[in-house]
Amino acid sequence: MNIPSKYEPGKAESTWYSYWMKHGFFKSTPDDREPYTIVIPPPNVTGVLHMGHMLNNTIQDVLTRRARMQGKNACWVPGTDHASIATEAKVVAKLKEQGIEKKNLTRDEFLEHAWEWTHKHGGIILEQLKRLGASCDWDRTLFTMDDKRYDSVIKVFVDLHNKGLIYRGVRMVNWDPQARTAVSDEEVNYTEEKSKLYYVKYRIAGEDGFVTVATTRPETILGDTAVCANPDDKRYSHLKGKKVIVPMVDREVPFIFDSYVDKEFGTGCLKITPAHDINDYEIGIRHKLPSIDVFNEDGTMSEKAGMFIGVDRFQARELSEKELRKSGSLVKVENYNNKVGRSERTNAVIEPRLSMQWFLKMEKISKPALDAVMNGDVHLHPSKFRNLYRHWMENVHDWCISRQLWWGHRIPAWYFSNGEYVVAETEQEALELARKKSGNKSLSAKDLVQDEDVLDTWFSSWLWPITCFDGINDPENNDYKYYYPTNDLITAPEILFFWVARMIIAGYEYRGEKPFSNVYLTGLVRDQQRRKMSKSLGNSPEPIDLIEKYGADGVRVGMLLCSPAGNDLLYDDSLPEQGRNFANKIWNAFRLVKGWHVDDSIPQPESSEVAVKWMNEVLKKSVHEIDNNFKKFRISEALMSSYKLFWDEFSGWYLEIIKPEYQKPIDRKTFQATVDIFEKLAELMHSFMPFITEEIWQMLKERKDGESIMVTRLPESKRYNKELLASFENIKETVTAVRSVRKEKDIPNRETIELLIMADSSEYDNSLMKVVSKLCNLSSVEFVEKRREGAASFMIGTTQYFIPLEGKLDVEAELSKLRQDLEYDRGFLANVMKKLENERFVQNAPANVIDLERKKKSDAEARIKSLGERISHLEKLL
RNA sequence: GAGACGUUAGCUCAGUUGGUUUAGAGCGCUUGCUUGACAGGCAAGAGGUCACUGGUUCGAUUCCAGUACGUCUCACCA
């Protein structure tokens, strides 16, 4: 057989993925096995795969495949969300390119375009996940706006409204002028930005004097309805009851006092614009001030501004500066850094704006969700997020759930007269309610007007673990009862509040039970300068290109190796490269084993027999370690255990021991054992590297159509022989030491050497010594009582080893090495003695600790003694 | 401004209830090898007053307090 020396992943990937699909290995239906369920964090339906998705979905696939191989009924539910702001923005932009303005379309016409866009671009990201090897049950693919999910969201809205948890009201909201919608507090990011502080004079009405006010937003002067100082501020107390004149518009407004104002800041004098600042809004309420909204919804100046009408707010700022300067009202302008809120979606500067919105009361319904995390029903990994979670949940604000968009779940509220409204699942029900509420039996559907707004996208995804199994519409269905609560949720920490907390809230509200037991929060994928990877920065590689370059298995390993839970991953091409190299290592080990000829007539060498025994113990030990790591969600460490197991133990030691000489055959027993071990290793690594392990597993033994590594059972954790493992570590040290001697003395490998051990042969396992003989090409191993002259020597533990050199010994070099060792041992002994000579240590420390120190002492003394003897012998030779 | 978390090798991180032969891994680095599975490899090696200062203790990388620096979250500073 001619197997290429480099693993070529491309073909195996497409072959095996379609094989798995064809045989329905990803499918799950309820049965009597234990379920293992993950719901995917739904990506944006029209989005494409980025590095964060790669990391996140690799972890989900690893967990799913592993659970499946543990005999559980594994179900990973895929789906996408409608991402209302982002998708609507894209559709609007696309229409604009075609010369169509959204405002010239009816709602239905617009939605037709939006669906068309969704169908055209939708699902690309799911196809990309397949390239990664994702073992989702694709028959269950969902969308937050498909019929069942849509109806569920509407039902929940109506239900929460009927429970009195949803209300409508005028509030100061975060307005995104670019998307022309309100967004929730969680969707605003504050960043420190350079701006300017303008000092502006306000004349005092009927007097000559003036006050100076500092503001960062001179364009909002047009909406000022008061000027305010702290009541304790003596500088302004004479202005009590007076009025000041707002520059530019010459409006007379009252001078008021409120303790909110900081005397120390700026001039201690604050202009009040209740329509455009959350604090001013509150002061406005306290002092019953009128509010003047000077902006349109797109961020241009409104009619009410009285100036700069139709001009963008930032341009209006510049015009205001000019105008103020012209009229002599501008005292000075300073550079100033302040926090500016920007929209998560559009990056537009958020405009605080008064508007009528729908809110969900959070305080009461969030309580069980807080408890669930605090009492450990829901585990956050890493647990440091618990504090953060508690802090947020204890200070939770009402959630603004309405968005001024068309793409999404339309709010099921109907208005019928003077702002009166009813909330119902259908227009028909709404009509009946409206008739009842108004007492007007002749109301008809024509008299009802449905709310124009849609719900926040998160208001649909917070139900995701429930709606994935249609649990709102049909709470008694089998899927829901079987799969809910799900097991693990894998997501990014940035959406802990956006999404995770709210899912837990919904879980308790609608099922009385948590939605999942574990939340694994991945890190963020960053570049080498620690910048978050993003399209706009252009610092992110194209995931599919990476898969083509390094193979899906290589990329998966690369993403996992460097991503302990909650730690950011500093991406570098060397990561998938390491993954690819590992795949290649596995491939070449396979090539070696596959290339052997088996001869039934030759007996199994002793070294091979013991190697097989040892390898099986190592395997058991690794299985144990890997299990432990998975239990703690230390996935990168579980992978590292497998990596070292395969690379160091299996390839570096085991295969080297059992490897027959070039072109010589191998015995049947060893060969069979090796194939079995290889099979187990492949199974152990399958969840990390599904493709190469399947490729190899299929060729390792005769397989029938329909068999697959992905439906085999994982080796289970068992007790392992610690003594054998320890003696073998000794053997490894011996081999390493002999290799060093060969290297130092320049003795080529094919030249045999003798090894003398100054010890009693009964203390040594003869078959293990055969391993040393084979790996070091020894002609003999001899146990001696006395030191051998003219030999290289080394020490393992307290035992001395010699390799006769026949005059090749470099006495000077040997001496200097020995003296170095002696120095180390003396230092070590001094350390130990410091403890042992401390009476209080001997009195207080537990017996086993003291015994250990005594053992250290006697070992060190023994080593020092033999080193000293050898040194003095060698010195005589000089 | 308040709080949370962190600071261990050049980089990214482990270090499991304080004692495990004077601290571990992967990558990177250095040196030597085309040794017939693998140069995407093999072998050997260098590299750390465990941020700093105190405290508790027979004993601290590990526990406590403070300092410095960093990351994140929340918050109304014009």
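Every chain is numbered from 1, with letters handed out A, B, ... down the list of sequences.
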Tell me the partner of [N], counting only Watson-Crick (N1-N3 plus N6-O4 or O6-N4) or G-U wobble (N1-O2 and O6-N3) with both under 3.5 Å; none if nothing fits.
N      : answer
G70(B) : C5(B)
G40(B) : none
C29(B) : G45(B)
C63(B) : G55(B)
U20(B) : none

Using a strict cut-off of less than 4.0 Å between a Lys/Arg side-chain nitrogen and an Asp/Glu carboxylate oxygen, indicate whether [X] and [Y] qualify as a salt bridge.
X       : Y       : value
K532(A) : E494(A) : yes
R502(A) : E186(A) : yes
E321(A) : K196(A) : no
E823(A) : R826(A) : no
R531(A) : D527(A) : yes

For nucleotides [N] and [M], find the distance between their [atom1] atoms and express it as a whole number of Å.
N      : M      : atom1 : answer
G28(B) : C69(B) : P     : 35 Å
U12(B) : U17(B) : C1'   : 27 Å
C29(B) : A68(B) : P     : 38 Å
U62(B) : C52(B) : P     : 10 Å
C58(B) : G18(B) : P     : 15 Å
G10(B) : U30(B) : P     : 15 Å
G24(B) : G40(B) : C1'   : 26 Å
U7(B)  : A65(B) : P     : 16 Å

What's touching nucleotides 39-47 of chain B from the protein side, N or O pairs under 3.5 Å?
| from | atom 1 | to | atom 2 | distance (Å) |
| --- | --- | --- | --- | --- |
| G40(B) | O4' | N581(A) | OD1 | 2.9 |
| G40(B) | O2' | N584(A) | ND2 | 2.8 |
| G40(B) | N2 | R580(A) | O | 3.4 |
| G40(B) | N2 | N584(A) | OD1 | 3.4 |
| G41(B) | OP1 | N581(A) | ND2 | 3.4 |
| G41(B) | O3' | K585(A) | NZ | 3.2 |
| C42(B) | OP1 | K585(A) | NZ | 2.9 |
| C42(B) | OP1 | W647(A) | NE1 | 2.7 |

#### Entry: Side chains of L546(A) and M51(A) in contact at under 4.5 Å (non-hydrogen atoms)
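Yes, side chains in contact.
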Dump the pairs, protein N or O against N or O of nucleotides 54-65 of chain B, anything under 3.5 Å, distances to one decimal.
| from | atom 1 | to | atom 2 | distance (Å) |
| --- | --- | --- | --- | --- |
| C58(B) | O2' | N838(A) | ND2 | 2.6 |

### Task
Measure from the ring center of F678(A) to the ring center of F646(A) and say whether it is less than 6.0 Å.
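Centroid separation for F678(A) and F646(A): below 6.0 Å.
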Taking any heavy-atom pair under 4.0 Å as a contact, classify [X]: base, sugar-phosphate, or nothing.
X       : value
D568(A) : sugar-phosphate
N567(A) : sugar-phosphate
G595(A) : nothing
R634(A) : sugar-phosphate
E656(A) : base

#### Entry: Shortest non-hydrogen separation from T215(A) to V200(A) and the atoms involved
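The answer is CG2-CG2, 4.4 Å.
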#### Entry: Least distance between heavy atoms, H391(A) atom then N395(A) atom
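That closest heavy-atom pairing would be O-ND2, 2.7 Å.
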### Query
Distance check: side-chain N/O of R530(A) vs OP1/OP2 of C72(B), anything under 4.0 Å?
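For C72(B), neither OP1 nor OP2 has a side-chain N or O of R530(A) closer than 4.0 Å.
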### Query
Distance check: side-chain N/O of Y643(A) vs OP1/OP2 of C27(B), anything under 4.0 Å?
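Result: yes.
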### Query
Near Q820(A) CD, under 6.0 Å, is it more than 12 heavy atoms from other residues, nucleotides or ligands?
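No, not enclosed.
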### Query
For the residue pair F650(A) and Y654(A), does the interplanar ring angle fall in the parallel (under 30°), tilted (30 to 60°) or perpendicular (over 60°) class?
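Plane angle under 30°, so parallel.
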I'd like a list of close polar pairs between nucleotides 75-78 of chain B and the protein, N/O only, cut-off under 3.5 Å.
| from | atom 1 | to | atom 2 | distance (Å) |
| --- | --- | --- | --- | --- |
| A75(B) | N6 | K339(A) | NZ | 2.6 |
| C76(B) | O4' | N279(A) | OD1 | 3.0 |
| C76(B) | O2' | Y260(A) | OH | 3.2 |
| C76(B) | O2' | N279(A) | ND2 | 3.0 |
| C77(B) | N3 | D262(A) | OD2 | 3.3 |
| A78(B) | OP2 | Y336(A) | OH | 2.6 |
| A78(B) | O2' | A214(A) | O | 2.7 |
| A78(B) | N6 | D262(A) | O | 2.5 |
| A78(B) | N6 | F265(A) | O | 3.0 |
| A78(B) | N1 | D262(A) | N | 3.2 |

### Message
What verdict does the side chain to side chain donor-acceptor pair (under 3.5 Å) test give for S184(A) and E187(A), after you've listed the backbone C-alpha separation in whole Å, the side-chain angles of each residue and the deciding distance to 0.1 Å?
### Response
CA-CA 5 Å; S184(A) 72; E187(A) 285 165 299; 3.1 Å; yes
### Task
Show your reasoning for whether salt bridge (Lys or Arg N to Asp or Glu O under 4.0 Å) applies to K865(A) and E861(A).
CA-CA 6 Å; K865(A) 185 166 168 257; E861(A) 281 168 348; over 6 Å; no
### Query
Can you tell which of A37(B), A14(B), C72(B) lies closest to the side chain of R526(A)?
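Of the options given, the side chain of R526(A) lies nearest C72(B).
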